[in-house]
Amino acid sequence: MDSEADAFYRELPKVELHAHLNGSVSVQTIEKLLVRKPHLNVERSMTAIGKGQRRTLDECFQVFKVIHQLVDTEEDILMVATDVIKEFAADGVKYLELRSTPREEKNTGLTKKRYVETVLKAIQQCRNEDVDIDVRFLVAIDRRNGAQVAMETVKLAEEFMLSSDGLVVGIDLSGDPTVGHGKDLLPALQSAKNCGLKLSLHLSEVLSQLEETDLLLDLPPDRIGHGTFLHPEVGGSEDLVQKVLKNNIPLELCLTSNVKGQTVPCYAKHHFNHWYQLGHPCVICTDDKGVFATDLSQEYQLAASTFGLSREAVWKLSHQAIDCTFAPDAVKQQLRNKWAELKPQVFQ
Ligand code: 5GP
């Protein structure tokens, strides 16, 4: 990035809606974890995919397994979550919805409940330190773990939605898209919706999911993660596109993640353009800023340079993302006020 453009994108107030906690761990935090766990013999190259490198989606999921080995105690989670929140804040993110899969680790005594409590503690600590970012949490269902765990995860999320003073706002469905079928998870997702949790679902991340996507779109979800293969030009269908348009379901789009994970061939062919041209709500996100070695400023700049967006258009994109958050209306209004306050400074 050239330095002048760099400053514009960094100063731009941003909303991040698709960030997996353990995929967002920076090199600096990985270093600290490596010092804590030298016996694991993990090398830095095993936890991130550098510039110009690509991996298959399957290889990306192997990377998460390595990071999970490094992050397996309450202490680790607290450090990782605090660092990730502060890094997003330093990148100009004013509102963040972090997502993570609660894990239980027999070796360290970590439970799923403590996992969520620890992430919430990190959010609270950052608030107490006046870090300039509003953070909410989505409890993630890993589709690999099947229907029963999905239902338990929803119960856990519901408990925290009721007790966390608005910090837990929804459910994420993620995990290896080639494993399992969404129809088995429908009861859990429906029950989440019934109790007032918002739904952000990874949909059509790979081509083989047309039937599943069709089924899950009928819920309908409140947001879609990726949606790479929804439109007919890449093997999706007009019916799927119409369902998304009819329900006006925002898309969380992660350019570098999709290019490095090889689900799109190059930036210029990213489906952002398809949906943006339709005027559909698109939110630029990082997905896994640590693993894919990026940040949100860079993702905005990549979208702008690839698709020829003016600075005013970029501003509009970041402003419209506020409407797509799962925050209460009063918080959305506060964010709009903040954007209005910051605009002269960003465009000076
Ligand atoms: P965590 O939930 O442990 O905080 O973050 C890592 C997890 O997020 C991964 O194990 C995986 O379940 C999910 N994840 C991260 N990035 C992606 C992605 O691009 N696609 C899907 N489907 N899941 C992802």
Side-chain angles (χ1 to χ4, degrees), residues 16-26 29-30 33 47-49 54-73 76-81 83-85 96-105 110 112 115-116 118-120 122-123 137-146 149-150 153 156-157 170-182 185 200-209 212-213 216 221 224-229 251-264 270 285-294 299:
E16 169 64 81
L17 299 182
H18 190 128
H20 299 271
L21 177 62
N22 286 294
S24 301
V25 186
S26 64
T29 307
I30 291 285
L33 292 164
T47 63
I49 304 165
R54 288 169 166 231
R55 297 279 190 280
T56 62
L57 210 52
D58 190 43
E59 287 165 337
C60 294
F61 283 103
Q62 297 306 320
V63 176
F64 298 124
K65 284 195 185 140
V66 175
I67 298 173
H68 285 161
Q69 281 185 289
L70 287 170
V71 183
D72 66 350
T73 66
D76 298 334
I77 294 161
L78 187 65
M79 176 176 79
V80 161
D83 285 2
V84 165
I85 292 169
L96 163 68
E97 279 172 22
L98 207 50
R99 56 185 76 191
S100 194
T101 324
R103 255 181 305 134
E104 118 191 312
E105 294 285 350
L110 180 68
K112 292 185 180 183
Y115 187 105
V116 177
T118 308
V119 176
L120 299 182
I123 297 175
F137 188 54
L138 307 182
V139 182
I141 294 174
D142 185 333
R143 53 185 292 142
R144 285 169 290 198
N145 297 331
V149 174
T153 308
L156 191 68
I171 287 284
D172 154 69
L173 172 65
S174 54
D176 189 338
T178 61
V179 179
H181 197 292
L185 308 173
S200 168
L201 309 183
H202 284 61
L203 284 187
S204 278
E205 217 178 337
V206 290
L207 186 52
S208 57
Q209 290 179 301
E212 170 182 300
T213 302
L216 295 182
I224 293 170
H226 302 300
T228 315
F229 294 95
L251 292 168
E252 305 154 354
L253 300 175
C254 313
L255 278 72
T256 297
S257 161
N258 297 155
V259 170
K260 287 193 174 178
Q262 299 186 61
T263 51
V264 302
H270 195 277
C285 301
T286 52
D287 204 7
D288 299 288
K289 74 175 180 58
V291 170
F292 297 115
T294 188
E299 293 302 301

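For ligands, and for the atoms within them, numbers begin at 1 and follow the listed sequence.
- Side-chain atoms of R143 never come within 3.5 Å of backbone atoms of T178 as a donor-acceptor pair (strictly under, hydrogens ignored).
- Put simply, the side chain of E16 gets close to the backbone of H18: a donor and an acceptor are under 3.5 Å apart.
- Protein heavy atom closest to atom 20 (N) of ligand 1, with residue, atom name and distance, is E205 OE2, 2.6 Å.
- Which parts of ligand 1 touch S100 is read off a 4.0 Å heavy-atom cut-off, strictly below it: atoms 1 (P), 2 (O), 4 (O).
- Although no hydrogens or angles enter the test, the distance criterion places a donor-acceptor pair under 3.5 Å between the side chain of R103 and the main chain of H68.
- The closest approach between R144 and ligand 1 falls below 4.0 Å for a heavy atom of the residue.
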Could you walk me through whether C285 and E299 satisfy the side-chain contact (heavy atoms from CB on, under 4.5 Å) test, starting with their C-alpha distance in whole Å, then the side-chain angles of each, then the deciding distance to 0.1 Å, before giving a yes or no?
CA-CA 7 Å; C285 301; E299 293 302 301; over 6 Å; no

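- Here D288 has side-chain heavy atoms under 4.0 Å from ligand 1, and that is the only part of it that gets that close.
- The residue from R103, H68, H20 that puts a heavy atom closest to atom 13 (C) of ligand 1 is H20.
- Of all the heavy atoms of D287, the ones lying under 4.0 Å from any atom of ligand 1 belong exclusively to the side chain.
- A distance of 8.0 Å separates CG in D288 from CD1 in I67, rounded to the nearest 0.5 Å.
- Nearest to atom 23 (N) of ligand 1 among the protein's heavy atoms is G175 N, 3.2 Å.
- Put simply, the side chain of K112 never gets that close to the backbone of E104: no donor and acceptor are under 3.5 Å apart.
- In this structure, of V63, V139, T101, N22, the residue bringing a heavy atom nearest to atom 2 (O) of ligand 1 is T101.
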For side-chain contact (heavy atoms from CB on, under 4.5 Å), just list the numbers for H202 and D172, CA-CA rounded to whole Å, side-chain angles, deciding distance to a tenth of an Å, and then say yes or no.
CA-CA 8 Å; H202 284 61; D172 154 69; 3.2 Å; yes

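- Remark: ligand 1 and F61 share no N or O pair separated by less than 3.5 Å (distance only, no angle test).
- Proximity to H226 (heavy-atom distance under 4.0 Å) selects the following atoms of ligand 1: 19 (O).
- Taking only non-hydrogen atoms, the option from R99, H202, H18 nearest to atom 21 (C) of ligand 1 is H202.
- Shown here are the side-chain contact (heavy atoms from CB on, under 4.5 Å) partners of Q69, two or more places apart in sequence or in another chain: L40.
- Between the side chain of E212 and the backbone N or O of G182, at least one donor-acceptor pair lies under 3.5 Å.
- Residue contacts with ligand 1 for A140 are absent, since no atom lies close enough (heavy atoms, distance under 4.0 Å).
- Of all atoms in ligand 1, numbered sequentially from 1 with element shown, those under 4.0 Å from a heavy atom of L21 are 4 (O).
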